[in-house]
Every structure is written in structure tokens, then in C-alpha cells.
Amino acid sequence: MGDFIVLLGPPGAGKGTQAQRLAQSLGMAHISSGDLFREHLKAQTELGKLAQSYMNRGELVPDDVTIAMVRERVGRPDCARGAILDGFPRTPAQAAALDEMLAELSGRVVSVPLIQVPAEVLIERLGGRWTCRAQGHVYHAKYNPPRVPGVCDIDGSELYQREDDLPATVARRIQVYLEQTAPLVDYYRQKGLLVEIDGTQPIEEVSARLLEAVEKARKAQS
Ligand code: ADP
Ligand code: ADP
């Protein structure tokens with residue numbers, strides 16, 4: 001049975017950074033819905049073109065296509081032992097769909113860490129974020145600089161600044177998070193799965209707290 005971990009938190013909280021580290025520590029797959037959309041965009045698929053119009057405005061891509069895309073991804077063999085979900089679910093309808101798809105796969109959500117960071121910090125983080133073209137690894141000009149400016153430490157590909165990290169779009173994305181995604185906090189709290197994590201600490205500290213929380217939750221449910 002696969003154990004799935006859902007990372008919740010506003011844009012810029014550190015979900016991608018932490019998902020990648022946690023996936024490595026636990027030997028699990030990392031699924032980022034934003035990265036999946038950006039791959040479609042790069043390949044200019046129909047889904048990519050549709051998603052782009054929403055992403056550029058900081059709006060959510062419609063639930064039906066998002067759910068179908070993630071359903072296909074979690075069904076792949078590398079998720080048989082579970083995965084870290086980063087950026088999905090983002091609406092109550094997506095959370096319900098996740099429960100359904102995991103039931104079909106005999107999987108379960110074991111822990112939902114909420115990475116908490118105040119809005120002013122999010123704006124500074126996204127303003128300094130550099131993302132790798134090949135695999136979406138993220139850096140920060142000040143807090144997590146690459147060894148060589150403009151080049152990904154891990155795969156050597158070029159780093160770029162996402163268009164939706166411009167200040168006007170960031171403000172909209174934070175608002176969308178509060179309106180559409182924040183209700184999931186209660187949904188998972190009621191299920192006893194929510195763990196609050198202070199996301200203002202340095203990256204290594206946040207990773208240590210997260211790993212502790214996830215291991216405790218898995219032990220309690222084994
Ligand atoms: P962030 O850095 O804010 O976590 P993501 O890379 O997760 O950004 O998402 C970028 C954009 O991709 C979102 O603003 C949205 O347009 C789209 N997107 C990603 N995941 C979802 C989702 N689960 N549902 C709808 N849209 C999504
Ligand atoms: P999200 O996926 O939630 O949008 P990211 O993981 O992409 O967030 O992080 C957003 C930006 O903040 C990136 O530039 C990243 O390097 C930086 N960052 C992530 N975690 C921390 C942290 N704990 N302290 C300082 N900067 C961080």
C-alpha cells in the first residue's frame with residue numbers, strides 16, 4: 001500500500017524545495033502538478049496550451065483536466081510505494097478526487113504538512129526564485145544560491161525566472177490560495193492528518209521537522 005504525503009502551503013512556502021528533499025530521504029516519487037503543467041507547456045501539448053492561459057494570470061487550471069493529469073501520474077509504477085504530492089490537491093474537488101484515486105490504488109494519505117510562511121516573506125521568496133529548465137529544481141538568489149550563477153547544480157541546465165513570479169501575479173496567486181486552497185486545511189485537520197510546520201526557518205531546519213512529522217505519522221498508522 002502506497003503512503004502519500006500532501007504538502008500544503010501558499011505559493012513560495014517551500015513546497016517544491018521540501019518535496020524534493022523529502023522524496024530523496026524517503027525514496028519516494030515527487031509529483032509537482034505545476035511541473036507537470038510546465039512540461040506540457042514546453043512540449044506545446046493541448047493541455048499545455050490550455051494551462052498556460054490560466055497560469056499566466058495566476059488562476060487555477062480547471063479541476064477536470066488537473067485531476068485527469070494527476071490521476072495518470074499517480075498510476076505509474078514509481079508511485080506504487082507512495083509519493084510526495086506538491087501543489088495538488090488545491091481545491092476541495094481535487095481533494096475528494098485524490099481520496100477516490102488512492103482508494104482505487106490501495107493507497108492512502110498518511111500526513112499533510114502545512115508549511116506556514118507570512119505573506120511578506122512569500123513575496124520576497126518568489127521575487128528571488130530561479131527555476132531550472134530541465135527538471136524544475138529551485139534556487140533563491142539570496143537564500144539558496146546555485147554554485148554557478150544561472151546554472152542548476154544538479155543537472156547543469158539553465159536557470160530562469162518564472163513569468164508568474166512577477167509581483168502582480170504573485171499577489172493574485174496568494175489570493176487564489178486563500179480563497180480556494182486554504183479550505184483544505186480544515187478538511188485534513190478533521191481527518192487528523194494536518195501537521196503545522198514553521199516554514200520561516202532555514203531550509204535544512206524545515207526539512208528536519210518535516211521528516212520527523214512524516215515518520216511519526218507513518219509509524220502511528222502502520
Ligand atoms: P507555486 O510555486 O505557487 O506552488 P506551482 O508551480 O505549484 O506554483 O503552480 C503554478 C501554476 O500552475 C498555478 O498558479 C496554477 O495556475 C497551476 N497549477 C498547479 N497546480 C495546480 C492544481 N492542483 N490545480 C490547478 N492549477 C494548478
Ligand atoms: P513553493 O513550491 O511552495 O512555491 P519553493 O520551494 O519553490 O516554494 O520556494 C520558493 C522560493 O523560496 C525558492 O526561491 C526557494 O529557493 C526559496 N526557499 C524555499 N525554502 C526556503 C527557506 N526555508 N528559507 C529561505 N528561502 C527558501
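Numbering of ligands and ligand atoms starts at 1, following listing order. Just so it is clear, the model here is predicted, and its values are computed rather than measured.
What sits closest to atom 8 (O) of ligand 2 on the protein, heavy atoms only, is Gly14 N, 3.1 Å. The shortest contact between atom 17 (C) of ligand 2 and any protein heavy atom is with His140 CB, 4.1 Å. Protein heavy atom nearest atom 21 (C) of ligand 2, with residue, atom name and distance: Ile203 CG1, 3.5 Å. At the shortest separation from atom 4 (O) of ligand 2 among protein heavy atoms lies Gly12 N, 2.8 Å. If you check which protein heavy atom lies closest to atom 14 (O) of ligand 2, you get Tyr139 O, 2.8 Å.
The existence of a salt bridge linking Arg189 and Glu196 is confirmed by a sub-4.0 Å separation between a basic side-chain nitrogen and an acidic carboxylate oxygen. Looking at Asp3 and Arg108, a side-chain N of the basic residue comes within less than 4.0 Å of a carboxylate O on the acidic one, giving a salt bridge. Using a cut-off of 4.0 Å between Lys/Arg side-chain N and Asp/Glu carboxylate O, Asp164 and Arg162 are scored as salt-bridged. Salt-bridge formation is not detected for the pair Glu215/Arg218: no Lys NZ or Arg NE/NH1/NH2 atom is positioned less than 4.0 Å from an Asp or Glu carboxylate oxygen. One finds a salt bridge joining Asp99 and Lys191 here, because a Lys/Arg side-chain nitrogen approaches an Asp/Glu carboxylate oxygen to under 4.0 Å. A salt bridge links Asp165 with Arg173: the distance from a Lys NZ or Arg NE/NH1/NH2 to an Asp or Glu carboxylate oxygen falls below 4.0 Å. A salt bridge does not link Lys216 to Glu212: none of the charged side-chain nitrogens sits closer than 4.0 Å to a carboxylate oxygen. Salt-bridge annotation for Lys42 and Glu39: absent, with no side-chain N of the basic residue lying under 4.0 Å from a carboxylate O of the acidic one.
Screening Gln18, Gln201, Gln24 against Ser207 for a side chain to side chain donor-acceptor pair (under 3.5 Å) leaves a single residue, Gln18.
By the 4.0 Å heavy-atom criterion, Ala141 is excluded from the residues contacting ligand 2. Look at Gly9 and you'll find every heavy atom at least 4.0 Å from all atoms of ligand 2. Residue Arg57 places no heavy atom under 4.0 Å from ligand 1. The closest approach between a heavy atom of Gln201 and any atom of ligand 2 is below 4.0 Å.
Between Ser33 and ligand 1, an N or O atom pair is found at a separation short of 3.5 Å. Of the polar atoms of Leu60, none of the N or O atoms is found under 3.5 Å from an N or O of ligand 1, judged by distance alone.
Contacts between Ala19 and ligand 2, counted as non-hydrogen atom pairs separated by less than 4.0 Å, are absent for every part of the residue. Under 4.0 angstrom from ligand 1, the non-hydrogen atoms of Val61 come from both its backbone and its side chain.
Distance check, rounded to the nearest 0.5 Å: CZ of Phe88 to OG1 of Thr66 gives 7.5 Å. Here the straight-line distance linking atom CD of Gln20 with atom CD1 of Ile154 works out to 4.5 Å at 0.5 Å rounding. For the atom pair CD (Gln161) and CG (Leu126), the distance works out to 11.0 Å, reported to the nearest 0.5 Å.
Close contacts between ligand 2 and Pro202 involve ligand atoms 23 (N) [criterion: under 4.0 Å to a heavy atom]. Heavy-atom contacts of Gly16 reach the following atoms of ligand 2: 1 (P), 2 (O), 6 (O) (cutoff under 4.0 Å). Per-residue contacts place Tyr143 under 4.0 angstrom from the following atoms of ligand 2 (heavy atoms of the residue considered): 25 (C), 26 (N). Here is the list of ligand 2 atoms found below 4.0 Å of a heavy atom in Pro10: 3 (O). In summary, the atoms of ligand 1 found under 4.0 Å from a heavy atom of Arg38, numbered by their order in the structure, are 6 (O), 10 (C). Ligand 2 places these atoms under 4.0 Å from at least one heavy atom of Thr17: 5 (P), 6 (O), 9 (O), 15 (C), 19 (C). Residue Thr66 has at least one heavy-atom neighbour below 4.0 Å for each of these atoms of ligand 1: 22 (C), 23 (N), 24 (N), 25 (C).
Nearest-heavy-atom check against atom 5 (P) of ligand 1 across Arg90, Glu59, Arg173 picks out Arg90. Remark: among candidates Arg129, Lys15, Gln94, Gln180, the nearest residue to atom 2 (O) of ligand 1 is Arg129, based on non-hydrogen atoms. Residue Arg125 holds the heavy atom nearest to atom 18 (N) of ligand 2 of all those in Arg162, Arg125, Glu124, Gln20.
In Gln44, the CD atom is crowded: over 12 heavy atoms of neighbouring residues, nucleotides or ligands sit closer than 6.0 Å.
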